[in-house]
Amino acid sequence: MTLTNREIARIFDNIADMLEIKGEIVHRVLSYRRAAEAIRETPQDLQTLAAEGQLQTIPGIGKTLAEKIEELLERGTVDLYERLKAEIPLGVLDILHISGVGPKRAKRLWQELGITSIEQLEEAAKAGKLRAMSGMGAKSEQRILEGIEALRRQQTGRTPLGIAYPLAQEILEYLLELDEAKFGSVAGSIRRARPTIGDIDLLIASDDPDPIMERFVTMSNVAQVLDHGPSKSSVQLHNGMQVDLRVLPEARWGTALHHFTGSQAHNIHIRELFLKRGLSLNEFSLTRVESGEEILCATEEEVFSHLGMPYIPPEIREDWGEIEAALEGRLPKLITLEDIHADLHMHTTWSDGTLSIEQMAQAAYERGRKFIVICDHSYSLGVANGLTVERLMAQQEEIRRVDAKMNGKIRVFHGTEMEINADGTLDFPDEVLEKLDFVVASLHMSLRQPREQITARLLNAINNPHVDLIGHPRGQLIPNREPADLDMDAVFEAAKASGIALEINANPHRLDLEAQYARRAVEMGIPLAINTDAHRASEMDLLFYGVMTARRGWVEAPSVLNTWPLERFLEWTHQRGR
DNA sequence: GCCGTTTTCGGCCCGACTGTTTTCAGTCG
């Protein structure tokens, strides 16, 4: 059983933590952390890359780490890790996750008090044993206990974007009600549209921060105030989420928003470029290193312009090549919400939706869609009241009737979201599929099959000439269900060969394909579709999550079926054998 | 441990808040 990318990343993170506790130089530690992060973001399997000798093409992976990855793939572990584990109990690493405990304290707690678990630490803190250590007092003890509580409130590590984003907007709007607050923005990973969010970052422009900070730390949903200063405050909410608020003067907005949007890797790269030009960048300004002269930037555009760059959209600020692209004038023209005028995957009461065909058509029309495809489930998905062939054909009559009734305001087409069964078979035979306007095929069941089996299932659907689109290809549910163990390289190769499209499912619980896979699909010339998979009218409003995900994947409008004029869309489905 | 339009060796982004340190270390983002 070879290790997955995620498991290898986790081992590198553990190695980084242990090296840090040992007091290893910080840059060696950071190398492991950066490598772990890069591995998590890599859409290809490390195994494949290793076989091709391509591991060092991953940024942050050099000769040494490439060898360690190869050893991990072969043996399941690596000498360094084994030696470190023999030296430092793994429980000490758990303690590191407590807010207020870093490597230095974790090491002293372990070595001076023999504490190797969160439970032991809690017991010692409650017994007042921590204050015996130099540099630790009663307040530190209390803070650690609060940190343990905070960790327990935080049940799952990261929060889905679909929960964090509306919450962040709500808090921001509440704070902006104050006259002292001129304007504000959500920043951090929400602004970059990461599918899951660690904490909420908010930024407000003001010359008088105190009342804003006061309103922030006294919000009714605050469980605990973590920091409370004039420029930065942090709280933890009752739901476990941490929210950071920064307040800065309007004249410094550009540098501030850029700084707090990140990513950290992007910021570091940008700052290095500035340093080479004799400029130091922080959240307040640019500073000429020699003269100390300050240059204020009120907009992000100004920040980039001082490097001779165009504006880089936040969704692609991950140091995945956007800085080089900006310098060379080849930034993508990212797709926008306005580019989309069709939705090719939605449900009705015929299967598990809540509205009739006509109601969904009307709701889509009200949201400016020019055409939609009704794709209800097929019969093998019994829990969703999937359609038999007979009901499917009856549905077609109803769809034709509604399409006629809409009188050209919006076109309504007939499709299916056909089940790809556990044995790889499809629910409808070719002669049925031929009668439909559009065919989506999706995996819902037996998602934990071994890689070869589940990949073969999906390839069977991809290779069927009547299937136009694979719905939510990897089958993940954010935050709790991992994607299926698919050989994505094989999936992309097959999709390329068959000319099929792949979906970016806009529902924030799915966001599937994720950005890095969407980017790879586009690079290979595979068309995409961004669909809401709506089961009710309100879910049509989640389309922007799909668009943000696409933007993260450097996707441009021409690659996306939903941006095409109707004639071109119909032509494309025709060419696919209809 | 990575990496190279100043470098294959010697660098590696930058600042806020807290607590207990009488001048700063630790932690965090």
Side-chain angles (χ1 to χ4, degrees), chain A residues 12 15-16 19-21 23-38 55-69 80 95-109 130-131 133-144 146-147 150 187-189 197-203 209 213 217 225-236 242-248 252 255-256 258-287 289 319 324 327-328:
Chain A
F12 278 8
I15 289 175
L19 289 175
E20 195 169 24
I21 286 171
E24 187 51 80
I25 58 161
V26 64
H27 298 107
R28 189 179 172 212
V29 173
L30 283 175
S31 295
Y32 279 93
R33 292 239 166 85
R34 272 201 276 269
E37 188 63 24
L55 285 174
Q56 291 187 53
T57 61
I58 301 173
I61 305 286
K63 188 165 176 290
T64 307
L65 288 180
E67 285 170 5
K68 291 213 164 37
I69 292 170
L80 172 65
I95 293 174
L96 276 180
H97 293 126
I98 300 166
S99 171
V101 181
K104 303 271 169 48
R105 282 184 178 170
K107 181 180 186 180
R108 292 186 57 206
L109 289 166
L130 303 187
R131 65 189 76 174
M133 287 171 53
S134 67
M136 296 269 277
K139 280 198 175 175
S140 300
E141 221 163 43
Q142 187 54 34
R143 202 170 162 89
I144 282 174
E146 285 169 2
S189 51
I197 303 302
D199 51 32
I200 293 175
D201 288 299
L202 301 176
L203 191 58
M213 290 302 185
V217 299
V225 179
L226 305 170
D227 287 319
H228 184 181
S231 72
K232 176 199 169 188
S233 295
S234 298
V235 299
Q236 194 189 31
Q242 184 174 328
V243 188
D244 295 344
L245 171 66
R246 322 275 177 145
V247 180
L248 289 105
R252 303 179 187 274
T255 44
H258 178 261
H259 173 87
F260 293 118
T261 297
S263 69
Q264 193 180 25
H266 170 93
N267 286 357
I268 289 173
H269 193 159
I270 289 283
R271 285 171 185 190
E272 285 169 352
L273 290 181
F274 272 121
L275 277 179
K276 284 178 186 165
R277 300 181 182 212
L279 291 161
S280 170
L281 174 67
N282 62 27
E283 59 264 53
F284 304 111
S285 63
L286 277 167
T287 307
V289 176
D319 201 20
E324 293 81 355
L327 285 169
E328 293 163 16

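Letters go in sequence order (proteins before strands), and every chain restarts at 1.
- Residues satisfying the salt bridge (charged side-chain N to carboxylate O under 4.0 Å, His left out) criterion with A:Arg28, sequence neighbours excluded, are A:Glu24.
- Between B:dC17 and B:dC12, the two C1' atoms lie 25 Å apart (nearest whole Å).
- Spacing of C1' atoms, B:dG26 relative to B:dT20, comes out at 12 Å, to the nearest Å.
- At the heavy-atom level, A:Phe284 lies under 4.0 Å from the strands shown only through sugar-phosphate atoms.
- Of the residues A:Val225, A:Asp244, A:Asp199, the one that meets the side chain to side chain contact (heavy atoms under 4.5 Å, CB included) test with A:Ser234 is A:Asp244.
- Shortest non-hydrogen contact noted between A:Ala187 and A:Thr261 is CB-OG1, 4.0 Å.
- Within the nucleic acid shown, A:Arg34 has no heavy atom closer than 4.0 Å to any nucleic acid atom.
- Counting non-hydrogen atoms under 4.0 angstrom, A:Ile15 reaches nothing in the nucleic acid.
- At a threshold of 4.0 angstrom between heavy atoms, the contacts of A:Ser280 are confined to the sugar-phosphate backbone, with no base atom among them.
- Heavy atoms of A:Ser99 sit under 4.0 angstrom from primed sugar atoms or phosphate atoms, though from no base atom.
- Put simply, chain A comes within 4.0 Å of DNA chain B, heavy atom to any atom, from B:dG1 to B:dG29, going 5' to 3'.
- The neighbour count for A:Glu324 CD, taken as heavy atoms of other residues, nucleotides or ligands under 6.0 Å away, is above 12.
- At a threshold of 4.0 angstrom between heavy atoms, the contacts of A:Asn267 with the nucleic acid are absent.
- Pair assignment for B:dT8: none, as no Watson-Crick or G-U wobble contacts are both less than 3.5 Å.
- Both A:Glu141 and A:Gly102 lie close to DNA chain B; mapped to their nearest nucleotides by heavy-atom distance, the more 5′-ward contact belongs to A:Glu141.
- Counting any heavy atom pair closer than 4.0 Å across all strands shown, A:His228 reaches sugar-phosphate atoms only and no base atom.
- Residue-level contact check: A:Tyr32 touches the backbone only, with heavy atoms under 4.0 Å from sugar-phosphate atoms and none from bases.
- A salt bridge links A:Glu20 to A:Arg33: one of the charged nitrogens lies within less than 4.0 Å of a carboxylate oxygen.
- Here, B:dG4 and B:dC13 have their P atoms 14 Å apart, quoted to the whole Å.
- Screening residues 56-65 of chain A for salt bridge (Lys or Arg N to Asp or Glu O under 4.0 Å) gives A:Lys63-A:Glu67 as the qualifying pairs, with residues at least two apart or on separate chains.
- Backbone-only contact: A:Val101 has heavy atoms under 4.0 Å from sugar-phosphate atoms and none from a base.
- Using a 4.0 Å heavy-atom criterion, one finds that A:Gln264 contacts the bases of the nucleic acid, with or without backbone contacts as well.
- B:dG1 and B:dT8 are spaced 14 Å apart, taking the C1' atom of each and rounding to whole Å.
- Taking atom P on both nucleotides, B:dT6 is separated from B:dC2 by 23 Å, rounded to a whole Å.
- When the C1' atom is compared between B:dT21 and B:dT27, the two are found 16 Å apart, to the nearest whole Å.
- Between A:Ile95 and A:Arg105 there is no side-chain heavy-atom pair separated by less than 4.5 Å.
- The minimum heavy-atom distance between A:Leu130 and A:Glu141, with the atom names listed, is N-OE2, 2.9 Å.
- Note on A:Ala66: nothing from the nucleic acid sits closer than 4.0 angstrom, heavy atoms only.
- Looking at heavy-atom distances under 4.0 Å, A:Lys107 makes no contact with the nucleic acid at all.
- When each of A:Leu30 and A:Ser231 is assigned the nucleotide of DNA chain B with its nearest heavy atom, A:Leu30 is the one assigned upstream, toward the 5' end.
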